[in-house]
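Working notes for the structure below.
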Amino acid sequence: MEQCRGPPMTGLSSYLRRGGLALVAIGIGGFVADYLLNVGLSRALEPHAFGDYRVARAFAFFFGSAVLLGGDRAGPKALAGPLARGEPAAVWEYLRFYLRLSLALSLLVIAATWLIGALHVGAFDPRHHHALAWMVVTVPVLAAGALESRTLQSALFPVHAALPWRIGLPVLILAAVAGLRWAQPTVHLEQVVILSIVATLVVAGWQWWRTRRLALPELRRDPAVATPRRWLQASVPMMGVFLVTLALNQSDLYFLELLGAEHEVGFYAAAETTAHFLILVQTTVVAL
């Protein structure tokens, strides 16, 4: 096991400067990777199928954050101290609590989504071949990945935290879809969804392996530091603010899915990716 817990404090300021520049590069690279993925999917899929994929992806990412009840948002505050003091068992207590909580809530979300689909309600109706019924299974994986990223961030490994999801995931999906398109003339929505699920599992698995290699959590109990009520008191308000912001950012896709034609969602999703460049500029300025 690597017993590395971040840079020494004497070089912390220079490390943060380097880390900040690396995160800006990852932000820009992530936009490019996501842009190429969306352009590639918009060409490989029919407009309505691409729109279905984007709605399903937004749905999964939303609930991947919601089921944590803010555990990822409050992670740096709760984990920075134990990581700095070299208390990996305390880190595992925090991760264990939120992993179990998110898994239970994820199963409820999956069951509710499938039940609504079985009742043939709107866009959840499986006769519409909507991707929601498949993509929802990634909710617990995305939740676990968010906790892993916050653990690495709290241990002063921001590149390890951000790079796999911002760049690695879209590049993996794009490469898999490109290989599939090379092997067969037509790419179907179900195939893209399955490839996305597999890529999500690969990224989350790699990040967990990296977290264990760095010996950040130690898989043993330390009940003395388990304070779920205090953790929830800090995390739930943070979750509320984040989810409201995320829902507002995604509301246009949801309303267009409900009120517009199927192909219009795909056209809008493709245009939205290009328009997101303005948000990238704002985020880069803040990061600098």
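One is the number of the first residue; the rest follow in order along the sequence. Just so you know, these numbers use all the heavy atoms, side chains as well, and skip hydrogens, waters and symmetry mates.
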Task: Any donor-acceptor pair under 3.5 Å from Q184 side chain to R181 backbone - done: no
Open item on the list: Determine whether T200 and W165 satisfy the following criterion, side-chain contact (heavy atoms from CB on, under 4.5 Å), listing intermediate values before the conclusion.
Closed with: CA-CA 9 Å; T200 303; W165 295 104; 4.1 Å; yes
Task: CA sep, side-chain torsions, deciding dist, call: Q153, R150, side chain to side chain donor-acceptor pair (under 3.5 Å) - done: CA-CA 5 Å; Q153 178 187 347; R150 292 298 182 176; 3.0 Å; yes
Task: A80 backbone acceptor or donor facing S154 side chain under 3.5 Å - done: no
Task: Student check: side-chain heavy atoms of S196 and M135 closer than 4.5 Å - done: yes
TODO: Count the heavy atoms belonging to other residues, nucleotides or ligands that lie under 6.0 Å from CD of E46, then report whether that count exceeds 12.
DONE: no
Open item on the list: Nearest 0.5 Å, please: how far is CG in D52 from CZ in R57?
Closed with: 15.0 Å
Task: L152 CG to L163 CG distance, which is reported to the nearest 0.5 Å - done: 11.5 Å
Task: Apart from W182 itself, residues in the same hydrophobic cluster as defined by side-chain heavy atoms under 4.5 Å - done: none
TODO: Indicate yes or no for a side-chain donor-acceptor contact from E87 to the backbone of A89 under 3.5 Å, with no hydrogens or angles considered.
DONE: no
Open item on the list: Taking P217's backbone N and O only, do any of them form a donor-acceptor pair with R212's side chain (distance below 3.5 Å, no angle check)?
Closed with: yes
Task: Test item: R54 and N38 side chains (from C-beta on) under 4.5 Å apart, heavy atoms - done: yes
Open item on the list: Just verifying a value: how many Å separate W92 CH2 and R220 CZ, rounded to the nearest 0.5 Å?
Closed with: 13.0 Å
Task: Results of ring-ring contact (aromatic ring centres under 6.0 Å, His included) for Y98 - residues two or more places apart only - done: Y94
- [ ] Please answer: with hydrophobic residues joined when any side-chain heavy atoms are less than 4.5 Å apart, are W209 and L214 in the same cluster?
- [x] no
Open item on the list: With a 3.5 Å distance limit and no angle check, can you tell me whether S235 reaches the backbone of L69 through a side-chain donor-acceptor pair?
Closed with: yes
Open item on the list: If you compare all heavy atoms of W206 against all heavy atoms of P164, which two are closest, and at what distance to 0.1 Å?
Closed with: CZ3-CG, 3.6 Å
Open item on the list: Please find the pair of heavy atoms, one from P170 and one from A33, that lie closest to each other, and give the distance.
Closed with: CG-CB, 3.8 Å
- [ ] Could you tell me which non-hydrogen atom of L105 sits nearest to which non-hydrogen atom of V67, and how far apart they are?
- [x] CD1-O, 3.3 Å
Open item on the list: If I compare all heavy atoms of V136 with all of T113, which pair ends up nearest, and what's the gap?
Closed with: CG2-OG1, 3.7 Å
Open item on the list: Under the criterion side-chain contact (heavy atoms from CB on, under 4.5 Å), I'd like the reasoning laid out for F97 against L232: C-alpha separation, chi angles, the key distance, then a yes or no.
Closed with: CA-CA 10 Å; F97 171 72; L232 288 172; 4.0 Å; yes
Task: Lys/Arg N to Asp/Glu carboxylate O, K77 vs D72, below 4.0 Å - done: no
Task: Verdict with supporting geometry, L101 and L68, side-chain contact (heavy atoms from CB on, under 4.5 Å) - done: CA-CA 7 Å; L101 177 65; L68 284 168; over 6 Å; no
Task: side-chain contact (heavy atoms from CB on, under 4.5 Å) partner of T211, chosen from L216, L95, L147 - done: L216
- [ ] Look up atom CG in L172 and atom CG in L201, then write down how far apart they are to the nearest 0.5 Å.
- [x] 11.5 Å
Task: Residue pair G30 / I167: nearest heavy atoms and the distance that separates them - done: N-CG1, 3.6 Å
Open item on the list: To the nearest 0.5 Å, what is the distance between CG on L132 and CH2 on W114?
Closed with: 12.5 Å
- [ ] Indicate if L103 and F61 have the same hydrophobic cluster label, given that clusters are the connected sets of ILVMFWY residues with side-chain heavy-atom separations under 4.5 angstrom.
- [x] no
TODO: Using the side-chain contact (heavy atoms from CB on, under 4.5 Å) rule, take E218 and V91 through it: C-alpha gap first, then chi angles, then the decisive distance, then the call.
DONE: CA-CA 7 Å; E218 186 175 335; V91 175; over 6 Å; no
Open item on the list: Tell me the closest heavy-atom pair linking L142 and A60, and the distance in Å.
Closed with: CD1-O, 3.6 Å
Task: Linked, directly or transitively: F62 and L107 (ILVMFWY side chains, under 4.5 Å) - done: no
Open item on the list: Please report the interatomic distance CG(L195) to CG(L174), rounded to the nearest 0.5 Å.
Closed with: 11.0 Å
